[in-house]
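Counting convention: from 1, in listed order, for ligands and their atoms alike. Note that the numbering runs from 1 along the sequence shown for the chain. Just so you know, these numbers use all the heavy atoms, side chains as well, and skip hydrogens, waters and symmetry mates.
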Amino acid sequence: MRTAICPGSFDPITLGHLNIIRRTARIFDEVVVLVMFNASKTSPMFTIDERVEQIGRVVAHLSNVTVESYGGLLAEYARRFEHPVIVKGLRASTDFENEFQMAQINKSINPALETMFLTSSEKYTFLSSSMVRELASYGADLSTFVPREVIGDIQKKAKRGK
Ligand code: PNS
């Protein structure tokens, strides 16, 4: 049984994330979407538990996908798998440097760990959670950016933040 880990901060999950999760679920037997803390992203919109619950709703129809959170290092979490594989999406060259660095550091902590990248779908190369948060703060239509299951949550949170 080959399991892939799709880690991220998912604050909130976007259609770009969902595209990577779906494609990973077609390649691997099982996928764990792992909600994690990103030290460079302060002032989150949603708590980790809220994000786990939201993603659970979004991937409910994908039978080989589960959602978890972990507060430690990704490389440590991955030790529970015999052949751990991380799958991440690459949007553009701007993602590459940071992702390459994380993959190298993770491997130095856990040499069994492999990181694979899927190129993001053309439709979503511009899309990020931070852009969604900004659009939400202006009351913009989010339907082409995030799964419909989370639109209401984002709108509510954006309104409360004003
Ligand atoms: O969606 P993001 O914010 O680009 O995901 C980054 C994330 C959360 C995967 C990364 O920050 C991470 O792995 N955090 C967990 C802590 C950790 O292992 N840090 C070392 C990575 S170099």
Side-chain angles (χ1 to χ4, degrees), residues 3-25 27-28 30-59 62 65-121 123-137 142 145-147 149-151 153-154 157-158 161:
T3 304
I5 306 162
C6 287
S9 38
F10 304 107
D11 186 35
I13 185 169
T14 67
L15 288 175
H17 292 131
L18 182 57
N19 177 264
I20 296 293
I21 294 165
R22 275 183 203 279
R23 288 160 60 199
T24 305
I27 301 169
F28 286 83
E30 279 186 342
V31 177
V32 180
V33 179
L34 191 63
V35 182
M36 304 197 81
F37 179 68
N38 180 338
S40 65
K41 295 180 179 169
T42 48
S43 51
M45 180 172 242
F46 294 105
T47 65
I48 297 270
D49 287 347
E50 284 172 329
R51 290 176 234 168
V52 168
E53 191 275 322
Q54 289 164 351
I55 300 167
R57 270 186 266 144
V58 170
V59 301
L62 299 172
V65 179
T66 54
V67 192
E68 286 183 25
S69 64
Y70 188 70
L73 288 173
L74 177 53
E76 296 295 350
Y77 172 87
R79 287 195 202 282
R80 66 190 66 186
F81 301 99
E82 200 180 346
H83 301 290
V85 180
I86 290 171
V87 178
K88 294 205 82 178
L90 266 191
R91 284 168 301 190
S93 57
T94 43
D95 277 345
F96 180 77
E97 210 169 309
N98 187 36
E99 293 296 346
F100 189 79
Q101 192 182 18
M102 283 200 280
Q104 300 281 14
I105 290 171
N106 285 334
K107 195 158 183 70
S108 74
I109 300 169
N110 179 352
L113 183 52
E114 299 295 349
T115 301
M116 294 181 182
F117 295 104
L118 294 182
T119 49
S120 106
S121 159
K123 274 193 290 192
Y124 304 125
T125 44
F126 64 91
L127 184 55
S128 66
S129 298
S130 58
M131 197 199 72
V132 168
R133 292 195 301 272
E134 175 157 355
L135 288 171
S137 73
L142 301 178
F145 305 125
V146 298
E149 293 87 345
V150 299
I151 293 176
D153 294 16
I154 301 168
K157 206 51 106 149

Show the short N or O contacts, below 3.5 Å, that ligand 1 makes with protein N or O atoms; if there are none, say 'none'.
from: ligand 1; atom 1: 1 (O); to: Ser9; atom 2: N; distance (Å): 3.0
from: ligand 1; atom 1: 1 (O); to: Ser9; atom 2: OG; distance (Å): 3.3
from: ligand 1; atom 1: 3 (O); to: Ser9; atom 2: OG; distance (Å): 2.5
from: ligand 1; atom 1: 3 (O); to: Asn38; atom 2: ND2; distance (Å): 2.8
from: ligand 1; atom 1: 3 (O); to: Lys41; atom 2: NZ; distance (Å): 2.7
from: ligand 1; atom 1: 14 (N); to: Phe37; atom 2: O; distance (Å): 3.1
from: ligand 1; atom 1: 18 (O); to: Leu74; atom 2: N; distance (Å): 2.8

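For the residue pair Thr47 / Asp49, no side-chain donor-acceptor distance below 3.5 Å is found, with atom types taken as modelled. Using modelled atom types and a 3.5 Å distance limit, the side chains of Tyr70 and Glu76 yield no donor-acceptor pair.
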Inset, instruction - For Leu34 and Tyr77, run side-chain contact (heavy atoms from CB on, under 4.5 Å): C-alpha distance rounded to whole Å, both residues' side-chain angles, the deciding distance at 0.1 Å, then the answer. - result: CA-CA 10 Å; Leu34 191 63; Tyr77 172 87; 3.5 Å; yes
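Under a 4.0 Å N-O distance rule, the pair Asp153/Arg51 does not qualify as a salt bridge. Between Asp11 and Arg133 there is a salt bridge, since at least one side-chain N of the basic residue sits less than 4.0 Å from a carboxylate O of the acidic one.
Ile20 has its side chain out of reach of Arg91: every pair of non-hydrogen atoms, C-beta onward, lies at least 4.5 Å apart.
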